[in-house]
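Below is one structure; the comments refer to it alone.
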Amino acid sequence: QVQLVESGGGSVQAGGSLRLSCKVSGRRSSSLALAWFRQRLGKERECVAAVSWGNTSTYYADAVKGRFTISRDDDKNTVYLQMNTLKPEDTADYYCAADLLSGSSWLASSYDYWGQGTQATVSS
């Protein structure tokens, strides 16, 4: 059973940065596609970034391109989301997701494993 634990959320002013981490256990992360989703108040959960196993493909939502970077360290069984130039509209609960996919997917239904989430609040 794959378990995911996020950390790194917090409060920051607009223009600031946060780095989210997601520790994978129960399976080597190198065999997993990994993604970050977020859910803003009153909105559906959306994928902000995803990376395939082997780092062969990545996906970024248009709203975060050029500001967010997903990376993985399979030696540490960890995936990261570096969030720069944050905006108030980035305020959300952020979730790590994982699955045995052959590529990267932006669909929540593609992922069987989810973390509990970490909150990021960006003030103006």
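Reckoned from all heavy atoms, side chains included, excluding hydrogens, waters and symmetry mates.
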Identify whether V48 and V79 are in the same connected component of the hydrophobic contact network (ILVMFWY, side-chain heavy atoms under 4.5 Å).
yes
Within 6.0 angstrom of L41 CG, more than 12 heavy atoms from elsewhere
no
Tell me whether L34 is reachable from L18 by hopping between hydrophobic residues (I, L, V, M, F, W, Y) whose side-chain heavy atoms are closer than 4.5 Å.
yes
How about M83 and R19: do any of their side-chain heavy atoms sit closer than 4.5 Å?
no
Reported CD-to-SG distance for the pair Q3 and C96, which is rounded to 0.5 angstrom
12.5 Å
Under 3.5 Å donor-acceptor, N77 side chain and K23 backbone:
no
Sequence-distant partners of R27, salt bridge (charged side-chain N to carboxylate O under 4.0 Å, His left out), two or more places apart:
none
Whether K43 side chain and A92 backbone form a donor-acceptor pair below 3.5 Å:
no
Residue set satisfying side chain to side chain contact (heavy atoms under 4.5 Å, CB included) with S71, at least two apart, ordered chain then number -> Y80
Looking only at heavy atoms, what is the nearest atom pair of D62 and K65, with distance?
OD1-NZ, 3.2 Å
Under the 3.5 angstrom rule, does the side chain of T91 hit a backbone N or O of V122 as a donor-acceptor pair?
yes
Identify whether the distance between the nearest side-chain nitrogen and carboxylate oxygen of R40 and D93 falls below 4.0 Å.
no
E6 side, atom CD; W36 side, atom CH2 - distance, nearest 0.5 Å
5.5 Å
Kindly give the heavy-atom pair with the smallest separation between D99 and D112, and that separation in Å.
OD2-N, 2.5 Å
Do you see a donor-acceptor pair shorter than 3.5 Å between the side chains of S104 and T58?
no
Contacts of R72 meeting salt bridge (charged side-chain N to carboxylate O under 4.0 Å, His left out) (sequence neighbours excluded), chain-then-number -> D74
Should V24 and W114 be regarded as members of a common hydrophobic cluster, given that ILVMFWY residues are connected when their side-chain heavy atoms come within less than 4.5 Å of each other, either directly or indirectly?
no
Side chains of Q119 and T121 in contact at under 4.5 Å (non-hydrogen atoms)
yes
Can you measure from OG1 (T85) to NZ (K87) and round to the nearest 0.5 angstrom?
8.5 Å
Looking only at heavy atoms, which two atoms of I70 and A35 are closest? And how far apart?
CD1-CA, 4.2 Å
Show the numbers, then the answer: is there a side-chain contact (heavy atoms from CB on, under 4.5 Å) between Y95 and R45?
CA-CA 9 Å; Y95 298 88; R45 192 171 296 192; 3.6 Å; yes
All heavy atoms of N84 vs all of Q82, minimum pair found to be OD1-NE2, 2.9 Å
Rounded distance [0.5 Å steps], CG in L86 versus CD in Q13:
11.5 Å
Determine, using the 4.5 Å side-chain heavy-atom cutoff (strictly less than), whether Y59 and L20 are members of one ILVMFWY cluster.
no
Just so I know, are the side chains of S52 and L101 near enough to count as touching, which here means a heavy-atom distance under 4.5 Å?
no
Y111 and W53: same hydrophobic cluster, using ILVMFWY side-chain contacts below 4.5 Å?
no
Looking only at heavy atoms, which two atoms of Y94 and L81 are closest? And how far apart?
CD2-CD2, 4.2 Å
Tell me the closest heavy-atom pair linking T78 and S21, and the distance in Å.
CG2-CB, 4.3 Å
Less than 4.5 Å apart, any side-chain heavy atom of V64 and any of R38?
yes
